[in-house]
Amino acid sequence: MRTKIALLSFGLVLLSILVAGVMIVERTTEAARKEIGLRAIAIARTVAELKEIQDNLGRPEGWKAIQPIAERIRVATGVEYIVVFDMKRVRYSHPLQDRIGTLFADGDEGPSLRHQEYLSQAVGVLGPSIRAFVPVMADQGTRQVGVVVVGILVPTVSEALHSLRLQLYSSLLVGVGLGLVGSFYLARNIKKNMFSLEPSEIARILEERVAVLQSMAEGVIAIDKEGCITILNQEAQRMTGALPDSTGRPIDAVVAVPGLKETVLNGEGQFNQELTLNQNVVLANFLPIRVDDKVVGAAITFQDKTEVHKLAEELTGVKTFIEALRAQNHESLNKLHTIAGLIQLQKYEKAVDYIFSTTEEQEGITRFLSRRIRNPALAGLLLGKYNRAKELRAKLILDPESNVGELPQLERSGLVVILGNLLENALEAVSGRTLCEVHCLIKQSAEELALSVEDTGPGIEPADLEQIFAWGFSRKGSGRGVGLALVKHTLESQGGQVEVESGNWGTKFSVRIPIGVSPGHSEIRG
């Protein structure tokens, strides 16, 4: 491509120089013709004004006086010829002596015999020439007695080129040299700006980029600084309901994306923003596009929040069940060791009683969860926390009024996050206390979900109540302070509210989440 650009630009420069050269030579020749015409007219007028010419025209043997005068003037002025003829077209002077006395019959002399002065072009033996016709007026200009014709050869284009060859060739050489250097510099600069890629490579990269964008599971929209769409992949079209030909249109005319314009102007990224696009709840990231440290546009990537919650629920459920199995395994080992010890001590009746009591307790909690908590993920969470409490020598008491049925996707996944973190914090708070109890209530009505988690821990300092939901805030050391922040974020997405009561008797979190209400602002009360 660099070679093609260099040859093209060099060819254009060369053609421009040649055309300009031809035009300059043509204009120079035309200017020379005008100057020659003016010179010929001036000489012809001078000859026509001579008294000897006026008096001898029309007389027998008059050529003997006119011919010497005309020849002297011709030689002195350097013109090709001076011809004087009378009103009958009889020549009285000519550079060739044998033509004196012959008729002037070139065909362009007619107007000069009618008192007209003019220039005429003709091609003679010596080449093209400009001839000036000037009437000879006698008796103080009242009577025409003849005509004076002065002819001067006109240089041809080849002669003009020959006379200007040194200047023309030198300028042509300089122009071609500069054009050649400029062409190669331009070609190299263009190739450099295109990262030294050939057009076929650029086309292939563009096709690959489009294929990658279209195959992404996330929606991608990019806009320029004026807010016009430059990229819109298929997933973005599906989630926003935009038409395939939306590229090039203003973003506001296709889909309203709050905050995108501010991102373009401010150049500040925003992450994990919850938006509603075409009745789809999505999680979006706003990213400014920078070129040479200047914001030239912005990109938004978003993913269907329902899919994110499904994945989160699956991961949370797996983690919960693993934790439940681990705690249950630990408890089972302890119970087996107890049974083995009673048998070795030959306390058979006590061993049987212990087995029955343990089995009855496990069956009781399992039966309660299966009957009152009809969501598997939530039931698994509570069973895991129940065994976790026993492992910490604490007691998790589930309120017999608890009752949860089927829940929408968003509510049940959010409930796992909220309840899991509140129970974990409560179990940590009562660990090592004399009274180690955590009370939990989950109740569902037609309008809302209500849950409460109350512990018998040391309580929360009044000064910390306003900060406990801040990300990273914790009195338990570094790397903590995430659980309650997740609770707050989840409540904000669900439009719920939480109340916190704390004292030296412990801490109680009361949460209310509306069912089937679009995400909104959460409320936190202390």
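Just the heavy atoms: all of them, side chains too, but no hydrogens, waters or symmetry mates, feed the values below. Nothing here was measured: the structure is a model prediction, and the numbers come from that model.
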What's the shortest heavy-atom distance between [X] and [Y], and which atoms?
X: Ala44; Y: Val134; result: CB-CG2, 3.3 Å
X: Asp108; Y: Ser120; result: OD2-OG, 2.7 Å
X: Leu50; Y: Ile69; result: CD1-CG2, 3.6 Å
X: Met137; Y: Gln144; result: SD-CB, 3.6 Å
X: Val79; Y: Ile82; result: CG2-CG1, 3.8 Å
X: Ile53; Y: Val47; result: CG1-O, 3.6 Å

So do [Y] and [X] actually touch side chain to side chain, heavy atoms under 4.5 Å?
X: Val417; Y: Leu415; answer: no
X: Ile66; Y: Leu57; answer: yes
X: Val498; Y: Phe469; answer: yes
X: Val149; Y: Asp106; answer: no
X: Pro111; Y: Tyr118; answer: yes
X: Glu80; Y: Ser129; answer: no
X: Pro68; Y: Glu71; answer: no
X: Phe509; Y: Val500; answer: yes

Might you work through the side-chain contact (heavy atoms from CB on, under 4.5 Å) test for Asn56 and Trp63, ending with a clear yes or no?
CA-CA 7 Å; Asn56 288 286; Trp63 62 272; over 6 Å; no
Working for side-chain contact (heavy atoms from CB on, under 4.5 Å), residues Tyr81 and Arg131
CA-CA 9 Å; Tyr81 57 84; Arg131 300 192 295 187; 2.4 Å; yes
When you check the side-chain N and O atoms of Asp86 and Tyr92, is any donor under 3.5 Å from an acceptor?
yes
Please check if any side-chain donor atom of Thr230 sits under 3.5 Å from a side-chain acceptor atom of Asp224, or the reverse.
no
With rounding to the nearest 0.5 angstrom, report the CD1 to OG distance, Ile100 to Ser93.
7.0 Å
Atom OG of Ser112 and atom CZ of Phe104: how far apart are they, to the nearest 0.5 Å?
7.5 Å
Assess whether atom [atom1] of [X] is packed by more than 12 heavy atoms of other residues, nucleotides or ligands within 6.0 Å.
X: Arg39; atom1: CZ; answer: yes
X: Gln116; atom1: CD; answer: yes
X: Glu49; atom1: CD; answer: no

Any chance you could lay out the side-chain contact (heavy atoms from CB on, under 4.5 Å) test for Ile289 and Val295, step after step, and finish with the verdict?
CA-CA 6 Å; Ile289 301 174; Val295 177; over 6 Å; no
Considering the options Leu38, Ile41, Leu119, Leu153, which one meets the side chain to side chain contact (heavy atoms under 4.5 Å, CB included) requirement together with Ile130?
Leu119
Please step through salt bridge (charged side-chain N to carboxylate O under 4.0 Å, His left out) for the pair Glu117 and Arg45, ending with a clear verdict.
CA-CA 9 Å; Glu117 180 182 287; Arg45 287 175 179 171; 2.4 Å; yes
Would you check if the side chain of Gln67 reaches a backbone N or O of His94 as a donor-acceptor pair within less than 3.5 Å?
yes
Counting N and O atoms only, with roles assigned by atom type, does the side chain of Arg91 sit under 3.5 Å from a partner on the main chain of Leu103, one being a donor and the other an acceptor?
yes
